[in-house]
Amino acid sequence: MNRAVLEQAGIEIADRAPLRDLTTFRLGGPCRACLTCRTPEQAALAVTELHRTGEPQVFIGGGSNLLVADAGLEAVVVRYTSAIAQIERAGGMLRVAASTALDALAAYGVQQELAGLEFLSGIPGTVGGAIAGNAGAFGRSVAECLEQVALMDHTGRTKDVPAADLECAYRRSRLQESGEIVLSAIFRLEPGARSELAAERERILALRRERHPDWKVTPTAGSFFRNVEPTSAAGARQAAGWFLERAGAKTMRVGGARIFEKHANIIVAEPGCTASDVAALSRQMADAVQRIFGITLQPEVRFLGEFIES
Ligand SMILES: Cc1cc2nc3c(=O)[nH]c(=O)nc-3n(C[C@H](O)[C@H](O)[C@H](O)COP(=O)(O)OP(=O)(O)OC[C@H]3O[C@@H](n4cnc5c(N)ncnc54)[C@H](O)[C@@H]3O)c2cc1C
């Protein structure tokens, strides 16, 4: 890659950057280099430059849904995240750079008296990561208020597509298969009263504080497994945590990886924990649910790098 071109554009390059510094699990070895991009233009430049030189690349946002192998990655990581929210308002529409923190977007909606994003309050990561995985909570998801996204494929071709083209479903979008990148997004919101929106945001933040570990203090990636799809059209999706709790997951531990005491579907990493510990614990959890209920749990957390099956 042409470092001078990237640096001139304001992209920060860190050689052999440890992924543990870039993920909320705080696990994972080094990558070849990490290119930190804050704006859509920088992200587009980094991806096209790596494509031009044929270097393997991995795209990440806030690193809050990732488990990176202890050996790290033989790839350049393009990290698209920004401490400063980049949001423009036009009536009920918000155009947002996908590097913006999702929670900052939720807070902005409240401040601007625009309703529809409050339920996303407190979810870590970026707007881009949330759209790629259709993040959500309380039975709702980010796709509900999404109008349009600016996408880029790995060769650098960009296009604006309506949200419906992303084929979003429960914690899914077609971007997970296509590998296209969200550069920016437009959300359509309804007018709301600030006091009501602020109260709802506070209620949700309080609920999350009560039920989830604080990722700024405790290394974790949130819920490890996807909830279980209904077995019949009449059935409702069932919480993976329900099966895990009954399968005895709360007392499981491997090395420094253990289950969060208030939630059987959340793994937390103690000092000295490795990514292999987390992977092994997740296999134990899934095996127990398979043995007792005959249900195969699917990880929600994305694995990056090589993990050896024991
Ligand atoms: C304490 C805690 C609580 C959580 N609670 C929730 C919750 O309630 N609901 C929920 O849904 N999730 C939750 N999560 C998981 C996580 O926060 C979300 O999945 C989040 O949306 C991931 O965004 P990210 O930017 O961190 O993505 P990353 O973890 O960096 O990446 C995840 C995937 O998204 C892709 N990606 C990232 N940015 C882009 C982009 N711009 N364009 C295309 N693809 C991209 C990456 O390639 C990768 O495959 C929680 C995590 C933690 C730690």
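Each ligand, and each atom within it, is numbered from 1 in the order the structure gives.
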Sub-4.0 Å heavy-atom environment of ligand 1, residues by chain: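 Near ligand 1, by chain and number: Thr24, Phe59, Ile60, Gly61, Gly62, Gly63, Ser64, Asn65, Leu66, Tyr80, Ile123, Pro124, Gly125, Thr126, Gly128, Gly129, Ala130, Ala132, Ala135, Gly136, Arg171, Glu180, Ile181, Val182, Arg208, His212, Pro213, Trp215, Thr220, Ala221, Gly222, Arg302.
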
Under 3.5 Å: donor-acceptor pair, side chain of Asn265, backbone of Leu244: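 Not confirmed, Asn265 side chain does not pair with Leu244 backbone.
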
Counterpart residues, side chain to side chain contact (heavy atoms under 4.5 Å, CB included), relative to Ala71 (two or more places apart):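 In terms of side chain to side chain contact (heavy atoms under 4.5 Å, CB included), with neighbours along the sequence ignored, Ala71 is linked to no residue.
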
With Ala98 via side chain to side chain contact (heavy atoms under 4.5 Å, CB included) - residues at least two apart: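 Tyr80, Val182.
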
Ring centre gap for Phe138 and Phe119 strictly below 6.0 Å: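 No, the ring centres sit 6.0 Å or more apart.
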
Any residue meeting ring-ring contact (aromatic ring centres under 6.0 Å, His included) with Phe187, in chain and number order, not counting sequence neighbours: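 Testing Phe187 for ring-ring contact (aromatic ring centres under 6.0 Å, His included), a comparison that skips the adjacent residues, returns none.
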
Val268 side chain reached by Arg258 side chain, heavy atoms, under 4.5 Å: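 The answer is yes, as the side chains (C-beta and beyond) meet within the 4.5 Å cut-off.
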
